[in-house]
Each structure stands twice: as C-alpha cells, then as structure tokens.
Amino acid sequence: MKKIGQSFNDLKIRNKLLIVYMITVLLPIIISNIVFYQTTSDNFIQQKRRDADLMTEETKENVKQLIDQALGLSTTLYMDMRLYEFFDTTYTNPVDYIQGYTQVVHQYRKTVPLYNAIQDIQFYTTNPTMLYAGGVNMLNNEDSDDVWYNSLAHDGTPQILAAMDEAGVSLDVYRKLNYFSLYKTIYTLFIFS
C-alpha cells in the first residue's frame, strides 16, 4: 500500500488530476449509466410483454364476441319457422314471393346493422320459384364442390370457416336451414373482425 501511495506522490500533478477525475467523476458516471440502461431496458421489455399479453387477451375476447354474435343470430335463424315456410313455398307469382320476402328475409337483413360483427347474411336455396336477389341465391351444382358446402353437417350444426386475405381475417358461418324439407336451403353469415 505504501508503494502505491509513494508512486502516486511521484506522479505529475496533471496525471494525479486525471486519476482523481477518473475515479471520482468518470467511473461513477459509467457505472450509473450501465445500471440505468439495464434497468430501463428490463422495464421496457417487461412493458412490451405486458402490452402483447393485453393485446392477445383483447383479441381473444373480440373473436369470442364475434363468434357469440354469429352463433346467436345463426340459432335465431335456424329456429325461425317462418324461414322454413318461406323457403319451402312454391311461388306461382312474383308478388307472393315479394310479400313473403319482405315479411321474413328482409326483416333479418335489416337487423344486420344491429350486430356489429356481422357484415351480411346470404341464403342459398334450390327452390326454383325464388327471385334470386336481395341475399337469396341459387344453390347449384357448382357450389357443391366448394369447401364450405362439403363441410356442412346434416344435423344443422353451424360450420365456421376462417379466411385471410388483403382485407383482413373473416369468419363465415354456414348452416343448413332445413335438411328434411322440400328444397335444400343454406344460409351464411359473413363476419369480419
């Protein structure tokens, strides 16, 4: 220890001041910056993880709400006997069809804006007396080759298909409306998240 003290005394004043500066000013600044950087980066990483977890939970809840709304409306459509009657009726003139459409299908299409998750309702039927417009479409042999058609259950269980494109992610709910009736009828709800 005496040698260190003696060698320090033998140094020039400029070198002594540099050593004192490094020990009293520069070294504490470097140490405090390292501690500050480490603490800040750890806090930043933890905050980003919390944000990612919150975003994941929020997305899960949003998707769950979308599916709940779609399945709720799908069940309402499935249990409405007026729809069964409308799609099973053989219409002899367009006026009868338009009256039935206004009383049944048009009512559901007007309620779509009440469900913020559902963009559209489309009905597909093999009934040849329908006027194919306003959400009522012809179910033809070309549709039977599609994925959504082949995935439908015969017991009326809703099928949810997810698709991703440039516009985002969409969920489509397909369900056979009346399996044991005169005409085959299927409807779909287009849901966008």
Side-chain angles (χ1 to χ4, degrees), residues 1-79 108-124 135 137 143 145-177 186-193:
M1 193 67 152
K2 280 187 173 188
K3 280 187 169 184
I4 295 174
Q6 186 59 33
S7 60
F8 186 73
N9 287 337
D10 291 341
L11 292 175
K12 293 181 183 178
I13 191 80
R14 181 181 69 93
N15 293 341
K16 287 180 186 178
L17 289 175
L18 278 174
I19 291 172
V20 170
Y21 172 77
M22 285 186 199
I23 292 173
T24 59
V25 176
L26 192 60
L27 192 61
I29 288 175
I30 291 173
I31 291 173
S32 66
N33 282 345
I34 290 172
V35 169
F36 177 75
Y37 174 77
Q38 191 65 35
T39 304
T40 304
S41 63
D42 288 345
N43 288 341
F44 179 77
I45 291 170
Q46 288 175 359
Q47 181 64 39
K48 288 300 173 189
R49 285 187 181 142
R50 280 193 297 267
D51 291 347
D53 290 342
L54 285 173
M55 196 177 314
T56 303
E57 284 300 315
E58 185 177 334
T59 303
K60 282 182 191 177
E61 288 300 316
N62 287 343
V63 169
K64 182 181 175 191
Q65 182 183 13
L66 292 174
I67 292 172
D68 286 347
Q69 283 185 8
L71 292 180
L73 182 57
S74 175
T75 302
T76 302
L77 290 169
Y78 187 72
M79 294 173 48
Y108 280 112
R109 292 182 57 81
K110 281 188 350 187
T111 62
V112 167
L114 298 176
Y115 297 91
N116 60 352
I118 298 171
Q119 185 183 27
D120 195 15
I121 301 174
Q122 294 289 319
F123 294 92
Y124 297 88
N137 304 296
D143 292 327
D145 295 335
D146 289 341
V147 173
W148 65 267
Y149 184 82
N150 293 324
S151 69
L152 290 174
H154 295 294
D155 61 357
T157 304
Q159 300 297 317
I160 301 173
L161 297 176
M164 182 179 281
D165 57 11
E166 305 85 40
V169 177
S170 69
L171 300 173
D172 298 337
V173 177
Y174 296 94
R175 193 176 210 173
K176 284 187 180 181
L177 189 60
I186 298 168
Y187 66 85
T188 180
L189 305 173
F190 297 106
I191 308 161
F192 289 88
S193 56

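When every heavy atom of Val25 is checked against every heavy atom of Pro28, the shortest pair comes out as O-CD, 3.3 Å. Of all non-hydrogen atoms in Lys16 and Leu11, the two that sit nearest each other are CE-O, 3.3 Å.
The distance from the CG atom of Leu77 to the CD1 atom of Ile121 is 5.0 Å, given to the nearest 0.5 Å. Distance CD/Gln65 to CD/Glu61: 8.5 Å, rounded to 0.5 Å. Rounded to the nearest 0.5 Å, atoms CG (Leu18) and CD1 (Ile23) are 11.0 Å apart. To the nearest 0.5 angstrom, Thr59 atom OG1 is 10.5 Å from Leu54 atom CG. The structure places CE of Met55 at 10.0 Å from CG of Asp53, a figure rounded to the nearest 0.5 Å. Atom CG of Asn43 sits about 10.5 Å away from atom CD of Gln38, to the nearest 0.5 Å.
Arg49 CZ: 12 or fewer foreign heavy atoms inside a 6.0 Å radius.
Two residues are said to be in side-chain contact when any heavy atoms from C-beta on lie closer than 4.5 Å; Asp51 and Gln47 meet this criterion.
Test Leu27, Leu26, Val20 against Thr24 for side chain to side chain contact (heavy atoms under 4.5 Å, CB included) and you get one pass: Val20.
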